Protein chains: 2
Amino acid sequence: MRIGLLAKRTGCEVETIRYYEKEGLLAAPIRDGSGYRRYEGRHLEDLQFIRHCRSLGMRLAEIRILLNFRDQPHQDCEQVNRLLDAQIIRVQEQMLAMQTLLEQLNLLRAECVVRQQSVECGIMKTLNLAAKGEKCPCHE
Amino acid sequence: MRIGLLAKRTGCEVETIRYYEKEGLLAAPIRDGSGYRRYEGRHLEDLQFIRHCRSLGMRLAEIRILLNFRDQPHQDCEQVNRLLDAQIIRVQEQMLAMQTLLEQLNLLRAECVVRQQSVECGIMKTLNLAAKGEKCPCHE
DNA sequence: GTTTGACCCTGTAGTGACTACAGGGTATCC
DNA sequence: GGATACCCTGTAGTCACTACAGGGTCAAAC
């Protein structure tokens with residue numbers, strides 16, 4: 001199949017597929033007489049593997065490691081487990097940070113309820129006072 | 001004060017301060033005889049304003065808008081409110097996505113409990129099957 | 001008087017994972 | 001023969017920095 005069909009089948013942009021090839025994640029396929037890429041079933045599978053991992057928030061470098069494991073099935077899978085654990089911890093930490101962020105934003109947002117001149121706006125007042133080093137509701 | 005002191009006072013990297021100047025967020029200060037930047041109190045305040053907004057996850061483009069509001073105090077603050085609302089929604093959406101992500105990762109992680117050859121590893125097996133289009137626990 | 005070290009300058013390139021062209025070639029249908 | 005849809009390479013842009021390279025300035029210590 002050609003790149004456009006592969007893209008359609010995986011829900012991936014054509015440019016992204018070429019990018020994965022350039023990055024060494026997806027094997028370069030053979031070319032037809034016109035110089036077009038001709039993909040086989042294994043490319044579809046590889047690309048779906050990559051997209052699946054990406055949908056789990058993994059980085060390309062990590063996916064490269066996982067692809068290696070797939071191709072060397074007798075390696076100890078400890079690294080796979082550690083990789084996933086690291087990813088889980090990363091997501092948990094980001095969620096915690098975002099929770100704090102959301103609380104801060106809501107507190108700041110509550111400073112202004114009515115439409116008014118920005119000089120009277122509680123949000124702007126709070127941001128200005130915080131810039132002067134005073135306490136703000138959003139950071140305690 | 002010179003850039004190093006400003007950096008220390010705000011917890012901001014020297015390069016970041018120069019970057020904000022280049023991006024037009026922080027006014028260019030006057031230079032002394034050696035060509036060094038000499039900052040005043042207002043620069044400290046501006047930088048703290050910027051860093052405070054950044055700590056709330058706002059983008060530089062949004063901070064630029066907020067800085068404009070600060071300097072035009074008789075503008076209607078409606079846009080400030082909308083900007084904050086958009087930021088809150090963005091964070092909420094990201095948190096929801098991360099929650100789903102975390103659940104998917106945990107389900108995948110549960111596929112492997114013991115250390116073994118990667119060919120036997122439940123995580124690798126699951127990823128491989130998913131790449132073949134089969135159902136995976138992480139995506140239902 | 002020179003050397004050391006801390007500070008400052010400009011400018012460019014790199015990060016990650018794409019995305020968006022520009023400028024061209026190819027294939028197929030009408 | 002022309003329109004359209006597809007494909008190619010290569011480069012630049014995104015965002016908010018970060019990390020140099022290669023140089024200048026200044027004060028204190030030796």
Side-chain angles (χ1 to χ4, degrees), chain A residues 1-26 28-39 43 46-67 83 86-87 90-91 94 97-98 101, chain B residues 1-26 28-39 43 46-67 83 86-87 90-91 94 97-98 101:
Chain A
M1 83 195 88
R2 292 196 309 199
I3 199 166
L5 186 54
L6 182 63
K8 199 169 284 173
R9 283 210 195 159
T10 53
C12 189
E13 296 281 328
V14 165
E15 285 92 345
T16 305
I17 296 174
R18 287 197 283 247
Y19 172 70
Y20 289 158
E21 180 183 322
K22 206 182 64 179
E23 291 297 303
L25 278 150
L26 197 60
I30 54 163
R31 302 290 180 117
D32 67 13
S34 313
Y36 294 175
R37 290 170 177 84
R38 287 290 173 178
Y39 293 97
H43 291 108
D46 286 0
L47 185 52
Q48 272 165 349
F49 185 100
I50 296 168
R51 294 309 287 176
H52 188 217
C53 291
R54 282 294 295 138
S55 81
L56 292 169
M58 292 180 203
R59 297 169 186 169
L60 298 191
E62 293 169 333
I63 297 172
R64 208 172 275 124
I65 293 169
L66 290 177
L67 284 167
L83 200 147
Q87 171 71 1
R90 202 163 59 208
V91 173
Q94 276 185 35
M98 294 205 126
L101 197 58
Chain B
M1 84 196 88
R2 291 196 310 199
I3 198 165
L5 185 53
L6 182 64
K8 197 170 285 170
R9 282 210 196 161
T10 54
C12 189
E13 296 283 328
V14 164
E15 285 92 347
T16 304
I17 297 174
R18 287 197 282 248
Y19 172 71
Y20 288 157
E21 181 182 322
K22 205 181 65 175
E23 292 296 303
L25 277 150
L26 197 59
I30 53 164
R31 303 290 182 114
D32 68 13
S34 315
Y36 294 175
R37 290 170 177 83
R38 286 291 173 176
Y39 292 97
H43 290 110
D46 286 0
L47 185 53
Q48 272 165 348
F49 185 101
I50 295 167
R51 295 308 288 175
H52 188 217
C53 290
R54 282 294 296 138
S55 81
L56 292 168
M58 291 181 205
R59 299 170 182 166
L60 297 191
E62 295 169 332
I63 297 173
R64 210 172 275 124
I65 292 169
L66 290 176
L67 284 166
L83 200 148
Q87 171 70 1
R90 202 162 59 208
V91 173
Q94 276 186 32
M98 294 204 126
L101 197 59

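Convention: sequence-line order gives letters A, B, ...; per-chain numbering from 1. Bear in mind that the values here come from a model prediction, so they are computed numbers and not experimental data.
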> Does any residue of residues 1-11 of chain A have a heavy atom under 4.0 Å from DNA chain D, and if so, which ones, in number order?
Replying inline: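 Hits under 4.0 Å, by residue number: A:Arg2, A:Ile3, A:Gly4.
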
Rounded to whole Å, how long is the line connecting atom [atom1] of [X] with atom [atom2] of [N]?
X	N	atom1	atom2	answer
A:Tyr39	D:dC6	OH	P	16 Å
A:Arg37	C:dT26	CZ	C1'	15 Å
A:Asp32	C:dG25	CG	C1'	12 Å
B:Ile17	C:dC8	CD1	C1'	12 Å
A:Ile63	C:dA17	CD1	C1'	10 Å

> Mind checking whether B:Tyr19 and B:Leu60 have side chains closer than 4.5 Å, heavy atoms only?
Replying inline: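 B:Tyr19 reaches B:Leu60 side chain to side chain.
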
> Listed by chain and number, what are the salt bridge (charged side-chain N to carboxylate O under 4.0 Å, His left out) partners of B:Glu15, not counting sequence neighbours?
Replying inline: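 B:Glu15 satisfies salt bridge (charged side-chain N to carboxylate O under 4.0 Å, His left out) with no residue once adjacent residues are dropped.
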
With a 3.5 Å cut-off and sequence neighbours excluded, list the donor-acceptor pairs that the side chains of residues 29-36 of chain B form with protein atoms.
{"from": "B:Arg31", "atom 1": "NH1", "to": "B:Gly35", "atom 2": "O", "distance (Å)": "2.9"}
{"from": "B:Asp32", "atom 1": "OD1", "to": "B:Ser34", "atom 2": "N", "distance (Å)": "2.9"}
{"from": "B:Asp32", "atom 1": "OD1", "to": "B:Gly35", "atom 2": "N", "distance (Å)": "3.2"}
{"from": "B:Asp32", "atom 1": "OD1", "to": "B:Tyr36", "atom 2": "N", "distance (Å)": "2.9"}
{"from": "B:Asp32", "atom 1": "OD2", "to": "B:Arg38", "atom 2": "NE", "distance (Å)": "3.0"}
{"from": "B:Asp32", "atom 1": "OD2", "to": "B:Arg38", "atom 2": "NH2", "distance (Å)": "2.9"}

> Partners of A:Arg37 by side chain to side chain donor-acceptor pair (under 3.5 Å), sequence neighbours excluded?
Replying inline: A:Glu21

> Which residues pass the side chain to side chain donor-acceptor pair (under 3.5 Å) test with B:His43, sequence neighbours left out?
Replying inline: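 With neighbours one apart ignored, the set is empty.
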
>> Regarding B:Arg38, tell me which of base, sugar-phosphate or nothing describes its non-hydrogen contacts under 4.0 Å with the strands shown.
In response: nothing

Got a list of side-chain donor-acceptor pairs under 3.5 Å for residues 4-11 of chain B, not counting sequence neighbours?
{"from": "B:Thr10", "atom 1": "OG1", "to": "B:Leu6", "atom 2": "O", "distance (Å)": "2.8"}
{"from": "B:Thr10", "atom 1": "OG1", "to": "B:Ala7", "atom 2": "O", "distance (Å)": "3.4"}

> Tell me the salt bridge (charged side-chain N to carboxylate O under 4.0 Å, His left out) pairs involving residues 46-61 of chain B, sequence neighbours left out?
Replying inline: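 Those involving residues 46-61 of chain B are B:Asp46-B:Arg70.
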
>> Tell me every residue that passes side-chain contact (heavy atoms from CB on, under 4.5 Å) with A:Gln94, counting only those two or more places apart in sequence or in another chain.
In response: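 Here the qualifying residues are A:Arg90, B:Met98.
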
> Once each nucleotide of nucleotides 17-23 of chain D is scored for protein heavy atoms under 4.0 Å, what B/S/- sequence comes out, 5' to 3'?
Replying inline: BB-----

>> What's the closest nucleotide to the side chain of A:Arg31 if the choices are D:dT9, D:dC26, C:dA17?
In response: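 So the nucleotide nearest the side chain must be D:dT9.
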
